[in-house]
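Each remark here refers to the structure printed beneath this line.
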Amino acid sequence: MSQSQRRFLFILSSTRRLGNSEQLAYCAAHPLPPGTEQNWMHLLDYPLPDFVDLRHSGPFQPPAGNAQLLLEATLHATDLVLVAPLYWYSLPAPAKLYLDHWSAWLRTPGVNFREYMKDKTLWAITVSSGERAEAQPLEDSLTLTANYLQMRWGGILFGTGSRPNDIQLDAPALLRAKSFFAASNNAVLAANPPEVDILKSPAE
């Protein structure tokens with residue numbers, strides 16, 4: 001797939017706008033070739049209902065409203081980029097809720113979520129005031145998510161910052177951002193996909 005054929009969905013999941021992670025994501029997206037489709041969706045603008053686990057009590061209903069919009073955007077993308085500041089060594093609540101709804105979409109009749117997600121590439125862009133190692137739980141969670149759905153794991157772009165605009169002082173992160181999406185072959189399968197008969201849903 002050529003760069004111009006890729007369709008990027010940037011899921012902004014901070015609880016504030018124009019934070020450090022979002023700024024770093026803009027820096028990473030800037031070098032994408034002209035014509036590369038980009039869709040930026042801030043979860044503050046698309047609030048989702050609480051996820052209710054209905055697996056053992058009835059079927060999941062087709063998503064509506066913001067959930068439907070996010071589902072359609074997710075299925076359309078070739079590259080999903082979670083833009084997520086590090087909160088307690090993991091994802092912000094809006095990002096976690098978005099991923100929880102994947103459990104519903106996996107079981108919604110007619111969506112074929114698993115089949116559509118296969119071979120997409122999952123990326124993460126995160127900024128924290130701590131050390132890079134503190135983002136490992138976040139990266140591990142997303143790598144396992146990619147592995148479960150047989151997606152490709154593109155990698156994590158990590159930057160350092162706490163106060164507004166601190167990321168502008170992290171020159172190494174800004175430099176890494178310039179080539180983060182440079183080639184689709186940077187992305188690899190997260191790991192050897194598990195055998196089908198031992199697949200377990202993250203919500204199971």
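In what follows, every heavy atom counts, from backbone to side chain, and hydrogens, waters and symmetry copies are set aside. This chain uses plain numbering: 1 for the first residue, then up along the sequence. Please read all numbers here as calculations on a predicted model, not as lab measurements.
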inquiry  = Does Tyr89, at its OH atom, have more than 12 non-hydrogen atoms belonging to other residues, nucleotides or ligands within less than 6.0 Å?
reply    = no
ask   = For atom CD of Glu115, is the number of surrounding heavy atoms from other residues, nucleotides or ligands below 6.0 Å larger than 12?
value = no
request  = Answer whether the closest heavy-atom distance between the side chains of Leu138 and Ile156 falls below 4.5 Å.
outcome  = yes
query = Would you say the side chain of Thr145 lies within less than 4.5 Å of the side chain of Trp153, judging by non-hydrogen atoms?
reply = no
message = Between Thr108 and Ala104 (side chain of the first, backbone of the second, donor and acceptor by atom type, cut-off under 3.5 Å), is there such a pair?
response = yes
ask   = Rounded to the nearest 0.5 Å, how far does CH2 of Trp105 lie from CZ of Arg114?
value = 15.0 Å
message = Can you tell me how far apart CZ (Arg152) and CG (Asp79) are? Round to the nearest 0.5 Å.
response = 11.0 Å
key: Partners meeting side-chain contact (heavy atoms from CB on, under 4.5 Å) with Leu97 (sequence neighbours left out)   = Leu48, Phe51, His101
task = Compare all side-chain heavy atoms of Tyr46 with those of Leu69 and state whether any distance is below 4.5 angstrom.
result = yes
query = So, do Trp123 and Phe181 sit near enough that their side-chain heavy atoms are less than 4.5 Å apart?
reply = yes
request  = Taking the side chain as every heavy atom from C-beta outward, state whether Leu80 and Phe10 have any atom pair closer than 4.5 Å.
outcome  = no
query = Looking at CG of Asn20 and OG of Ser128, how far apart are the two atoms once the value is rounded to the nearest 0.5 Å?
reply = 10.5 Å
query = More than 12 foreign heavy atoms under 6.0 Å from CZ of Arg163: is that the case here?
reply = no
request  = Classify the side-chain pair Tyr116/Thr74 by whether it contains a donor and acceptor separated by less than 3.5 Å.
outcome  = no
Distance-only donor-acceptor check, side chains Asn165 and Gln23, under 3.5 Å = yes
task = Please round to the nearest 0.5 Å and tell me the distance separating atom OG of Ser14 and atom OH of Tyr87.
result = 3.5 Å
request  = Would you indicate whether the side-chain heavy atoms of Leu82 and Leu142 approach each other to under 4.5 Å?
outcome  = yes
request  = Inspect the contact between Asp45 and Arg17 and indicate whether a charged nitrogen and a carboxylate oxygen are less than 4.0 angstrom apart.
outcome  = yes
query = Is there side-chain contact between Met151 and Asp119, with heavy atoms separated by less than 4.5 Å?
reply = no
ask   = Can you check whether Val83 reaches Ile11 side chain to side chain, under 4.5 Å on heavy atoms?
value = no
